[in-house]
Amino acid sequence: MLVVKGRVFFKGRLEAAAVGIADGKVVAVKKVLRGEETSDFGDSLILPGCVDAHVHLRDPGLTRKEDFPSGTRSAALGGVSTVADMPNTVPPVTTRVAFEEKAAALRGRAAVDYALYAAPRSGSAVPRMPDAIGFKVYMAESTGDLQIDEEAMEDVLEAAGDADRLVVVHAEDARRFTRPARGGLEGHHMARPKESEVSAIQALGKMSRGARVHVAHVTCTEALDAVPAGVTKEATPHHLLLDFRRDLKAFGKVNPPLRSPEDRGALWRAYVEGRVDLVASDHAPHAIEEKQERFPEAPSGLPGVATSFPLLLRRVKAGDLALERLVETIAEGPARVLGIEKGTIAVGRDADLVVVDPRDVRRVTAKRVRYACGWTPFEGMEACFPEAVLLRGEPVVEDGEPAAEGLGRMITAAKS
Ligand code: DOR
Ligand code: ZN
């Protein structure tokens with residue numbers, strides 16, 4: 001048995017304890033434990049490994065921007081031990097064959113555990129992809145052109161409902177898009193306004209639902225208010241921490257867009273108050289050259305898989321956010337929404353652990369996060385990066401540096 005000691009987040013609170021690990025699982029959490037090998041992390045926190053339910057790792061097909069080894073290495077550096085990868089890779093994951101080919105191409109190349117989404121174009125494809133962690137539905141055009149119309153969407157929702165599967169919705173209504181007079185990030189916000197999100201979420205509310213539905217990247221409280229009961233909600237660190245007043249140019253261009261400082265503040269308060277089920281990065285890297293194009297031509301999306309947890313833990317240290325709330329939204333919540341047995345330190349669970357000292361405050365830099373795309377929109381912001389990360393008991397980060405790679409396994413939803 002391996003024993004890991006520190007201040008352990010167990011049963012909803014921190015206590016000085018030891019976690020016993022055997023065969024990749026947590027086998028005991030006690031005040032004192034004796035094992036063959038002990039790692040004592042002193043006062044550092046031992047938290048459940050983070051689960052990022054929304055990443056775009058660009059593999060296969062767009063690996064110049066990111067690939068599975070690089071993206072999952074960055075994930076690990078940011079305390080993420082499980083990622084769920086979106087289907088707008090090339091070719092898009094719209095069929096069983098594409099799903100299986102993607103799964104085969106990724107095998108053995110991930111530093112952390114991973115799950116894969118599919119994007120069925122009709123309900124009939126839903127039962128053909130039993131290993132997909134869920135189904136992504138784009139209600140409006142975004143990177144990858146995977147949007148479907150309302151009829152196809154109802155069909156997917158119905159089929160997913162019959163099979164008790166998860167549907168993740170990108171909610172923007174293109175009929176509410178405008179041609180703003182202004183350019184830049186504020187213009188992008190006006191072009192794809194808050195009303196377009198609210199309208200798409202209202203339309204979603206009217207569609208037949210039996211499926212487990214999750215609304216991705218809600219940017220404002222108006223959108224949160226529109227989400228029907230029983231539907232889960234996600235916020236991203238960029239909508240919680242950045243706004244269109246930042247001088248990011250097209251490096252801050254993302255769909256749905258960054259909003260005003262007031263919107264950001266209101267979303268932050270809603271998050272702190274518990275109105276958001278999970279935080280996901282929507283890690284969507286694009287090349288620096290593409291982001292340097294004229295604003296209208298530059299692609300939407302920004303990277304973030306390595307910074308979600310470190311940036312938010314810094315807010316905990318500053319007293320702006322409760323640690324319980326962070327763990328709930330960055331580990332437990334996403335695991336629950338995805339239906340996977342991750343995100344909690346408990347006997348019998350995978351020993352996916354993050355060790356971090358919140359007193360160790362550093363600045364986010366492109367070098368530290370090691371994305372293949374070579375940039376981060378959070379450059380210079382203060383963050384608390386993990387000192388160690390364990391994946392099923394194996395160190396994937398040691399002394400803040402990548403350790404073992406290729407240990408990640410594909411996981412599928414727990415079958416009920
Ligand atoms: O800004 C975005 N970028 N929104 C999306 O929906 C997709 C993403 C990407 O893949 O680049
Ligand atoms: Zn996305």
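In each ligand, atom 1 is the first atom listed, and ligand 1 is the first ligand listed. Numbering of residues begins at 1 and proceeds along the displayed sequence. Hydrogens, waters and symmetry mates play no part in the numbers below; they use all other heavy atoms, side chains included.
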Would Lys136 count as a cation-pi partner of Tyr138, with NZ or CZ less than 6.0 Å from the six-membered ring centre and within 45° of the ring normal?
yes
Hey, is His286 one of the residues with a heavy atom under 4.0 angstrom from ligand 1?
yes
Quick check: of its N, O or S atoms, which one does Asp282 have closest to the Zn ion (ligand 2)?
OD1
Quick check: His217 and ligand 1, any N/O pair under 3.5 Å apart?
no
Among Glu186, His239, Glu197, which residue meets the side-chain hydrogen bond (donor to acceptor under 3.5 Å, both in side chains) test with Arg259?
Glu197
For the student: nearest non-hydrogen atoms of Gly400 and Leu77, plus distance
O-CD2, 3.4 Å
Checking heavy atoms under 4.0 Å, the part of His54 that sits near ligand 1 is neither
What atoms of ligand 1 come closer than 4.0 angstrom to any heavy atom of Tyr138?
6 (O)
I want to know whether Tyr371 and His283 have ring centres closer than 6.0 Å.
yes
Residue, atom and distance of the protein heavy atom nearest atom 11 (O) of ligand 1 read Arg58 NH2, 2.7 Å
Flag the pair Tyr114 / Phe68 as yes when their ring centroid distance falls below 6.0 Å, and as no otherwise.
yes
Test Ile340 against every option in Asp350, Ile133, Thr412 by the side-chain contact (heavy atoms from CB on, under 4.5 Å) rule and name the one that passes.
Ile133
Checking contacts here: is it the side chain or the backbone of Leu302 that comes within 4.0 Å of ligand 1, counting heavy atoms only? Could be both or neither.
neither
Is ligand 1 less than 4.0 angstrom away from at least one heavy atom of Arg192?
no
What atoms in ligand 1 come closer than 4.0 Å to a heavy atom of Ala284?
3 (N), 8 (C), 9 (C), 11 (O)
Taking atom types as modelled, find out whether Asp52 and Ser281 have a side-chain donor-acceptor pair closer than 3.5 angstrom.
yes
Would one find an N or O of Val254, backbone or side chain, under 3.5 Å from an N or O of ligand 1?
no
Using only heavy-atom distances, determine whether the side chains of His217 and His170 contain a donor-acceptor pair under 3.5 Å.
yes
Region of His170 engaging ligand 1 - heavy atom pairs below 4.0 Å
side chain
Please work out whether the ring planes of His54 and His56 are parallel, tilted or perpendicular, with thresholds of 30° and 60°.
tilted
In this structure, atom 1 (O) of ligand 1 is nearest to the protein heavy atom Asn255 N, 2.8 Å
For atom 5 (C) of ligand 1, what is the nearest protein heavy atom, given as residue, atom name and distance?
Ser142 OG, 3.0 Å
Quick one: nearest non-hydrogen protein atom to atom 3 (N) of ligand 1, plus distance?
Ser300 O, 3.0 Å
For Leu321, the option from Leu326, Thr329, Leu313 that meets side-chain contact (heavy atoms from CB on, under 4.5 Å):
Leu326
Using the Zn ion (ligand 2) as the vertex, how large is the angle between NE2 of His54 and NE2 of His56, rounded to 10 degrees?
110°
